[in-house]
Amino acid sequence: MRAAGGGGTEEASPNDAAEKFSSGQRNVLGVLCTTMLFEGMNLANVNVQLPQITADLRLTPDASQLVASSYLVAFGGLLLLGGQLADAVGRRRAFLVAVGIFGLGSLIATVAVNPVMLISGRVVQGIGAAFTVPGAMAIITTTFPEGPVRNRALGFWAAVGGSGYAAGLIVTGGLTQLFGWRSGFAIFVVMALLILGTGYSVLPDDKDNATGLRPRSLARPLISTMALLAAVHGIGSITAHPVVAAACLAAALALTVCLVVTGRVRGTRQLPRALVGSRSVQAANLVAFTFFAGVSAAIFIVSSYLQGIEHYGPFAAGVVFLPTAVLSIIASPRGARLVTRSGARTGLVLGSALVATATATYALTGLVGPVLAVIIPASLVMTSGIALAYPGATIAAMSGVGESMHGVASALVITMQQIGGAVGVALATVVASAMNGGTLANGVEDAPGLRMGLLACASLSALGMAAGILLRGRWAGVGQGRGTPEASVAR
């Protein structure tokens, strides 16, 4: 508000004052944003590291895909448990222990001398990430009061995650090119130590509010994560090691039976019946699974093509993906607003269609041609699809349940997104290596296996589009007004 007269003095409006952070809140947000930065970087780094890792450790195609997918499986499979642990042992304690676990996984990956050691490090990284993200979210919601201050804090936190993905491509690509692939993991060890050093004194202590841990609540998420890891490894090993694949798939089936049995034990149910039985939640999670399966697998294959066939260096390959990371930061809030106006089904169907179109473009061109003419435009189309499909899935999931379950519903969408990415990478790898005689990229520019792997990715995204078209419910319509799930996602 400006003062009367010609002095031109300006006073801060009440809304501006309400949105300012205190010094303590700025310190807390700085620690949490640093964590989100390395989480975002870790989602991107392996795409530019993997060709060097494959050559150094002599990875087979099934091991290569497991390096990428094991992190996603552990992250997605234990995310809901991470939220429970934050409440059970205290948010600060859970957060700092999770950062320590992530740093330990990064250290294991840095010094890995064989594929088993590297994959183990990636699993430990995923466990740390699964416990870090909900812990950070819980600290934000308790440190920043509801309203403009919290919304602004969450906006900063989410924006840093998107920037982290871009930084992961460039920073990790540059480090890998200059110092080798191990440096791309070592940077996370340094960042974890910095967060541990400052987090203990900066983050608020809430141990008095801890609810206590129930050991029985650990059974189902641990069993489900082991089953998913076994299934992903089994799928990826079908071509190279059929006996191992059969054993892994049998183990996954046996663990799934254990899940059914433990689900009958009182006190072990992880998800409310109302959530699992909702048609809109089912549709949302199917779309999240399928479109992210297509996206993750496409990026995995395109990165292998650029470095394995076109002989791009890690840094150059990261630069190719940089426009998509930048577009993601710009398009995500706009996509959420568009879905709010047009309805969740529009986001689900149109988003999945764009992802399927981009992936099919990769496949039909065989990735042959100038990068600026084929790969970058298709990648930008894919990113636009993600900006529509993800908020559509979140809105659909939250619209199918009561407000008290919105947090669990949105976390379940993230879980299915990560698991879908792992399954997509495994499926594309087995298809590509089967067509290429046991290798992911065989040095032939128009490798038929890459085409078929990409077509498999496109088919998965098309399945999500069909789910959005066929399944109905109030979530499909246009969301209006404040307080609706659509409005909350847009904000």
Side-chain angles (χ1 to χ4, degrees), residues 20-43 45 71 74-75 78-110 121-145 149-165 167-168 171-172 184-213 407 411 414:
K20 289 184 177 179
F21 300 136
S22 67
S23 60
Q25 288 174 333
R26 284 195 295 270
N27 292 335
V28 169
L29 190 59
V31 171
L32 300 180
C33 283
T34 304
T35 307
M36 196 61 180
L37 179 66
F38 74 58
E39 298 285 357
M41 290 176 65
N42 198 54
L43 286 172
N45 68 333
Y71 171 82
F75 186 4
L78 297 174
L79 185 62
L80 294 174
L81 177 61
Q84 295 173 6
L85 288 178
D87 293 332
V89 304
R91 298 176 184 91
R92 185 181 74 169
R93 182 185 300 174
F95 175 81
L96 293 176
V97 170
V99 171
I101 292 173
F102 187 92
L104 175 62
S106 302
L107 179 61
I108 295 172
T110 301
R122 292 286 288 168
V123 171
V124 175
Q125 279 188 317
I127 294 171
F131 296 163
T132 300
V133 171
M137 283 287 290
I139 291 172
I140 288 177
T141 57
T142 54
T143 303
F144 299 87
V149 173
R150 183 186 296 176
N151 293 343
R152 191 161 171 245
L154 288 170
F156 274 116
W157 191 66
V160 168
S163 302
Y165 189 88
V171 174
T172 306
F185 291 116
I187 189 175
F188 297 130
V189 179
V190 176
M191 294 177 74
L193 290 174
L194 289 174
I195 292 170
L196 290 173
T198 58
Y200 185 82
S201 58
V202 167
L203 300 178
D205 187 7
D206 63 335
K207 62 182 179 182
D208 294 336
N209 297 323
T211 60
L213 182 63
I414 299 173

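Along the sequence shown, residues carry numbers from 1.
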Open item on the list: Rounded at 0.5 Å granularity, tell me how far CE in M41 sits from CG in L43.
Closed with: 11.0 Å
TODO: Specify the closest pair of heavy atoms between A192 and G103, including all atoms of both residues, with the distance to one decimal.
DONE: CB-CA, 3.7 Å
TODO: Evaluate the side-chain proximity of V133 to F75: yes if any heavy-atom separation is below 4.5 Å, no if none is.
DONE: yes
- [ ] Look up atom CE in M191 and atom OG1 in T35, then write down how far apart they are to the nearest 0.5 Å.
- [x] 8.0 Å
- [ ] Kindly compute the distance separating CG (L203) from OG1 (T198), expressed to the nearest 0.5 Å.
- [x] 7.5 Å
Task: Closest non-hydrogen atom pair between V124 and L104, with its separation - done: CG1-C, 4.4 Å
Task: Test ring pair (Phe, Tyr, Trp, His ring centres under 6.0 Å) applied to F102 and F185, F95, F131, F38, the passing residue - done: F38
Open item on the list: For the CG atom of N42 and the CG atom of N45, what is their distance to the nearest 0.5 Å?
Closed with: 4.5 Å
Open item on the list: Can a side-chain donor-acceptor contact be found between S106 and Q125 if the only test is distance below 3.5 angstrom?
Closed with: yes
Task: Straight-line distance of T34 OG1 to L29 CG, nearest 0.5 Å - done: 9.0 Å
Open item on the list: Working to the nearest 0.5 angstrom, can you tell me the gap between I139 CD1 and R92 CZ?
Closed with: 9.0 Å
Task: Option from L32, V97, V99 for which side-chain contact (heavy atoms from CB on, under 4.5 Å) with T132 holds - done: V99
Task: V189 and its side-chain contact (heavy atoms from CB on, under 4.5 Å) partner, picked from I108, L194, L107 - done: L107
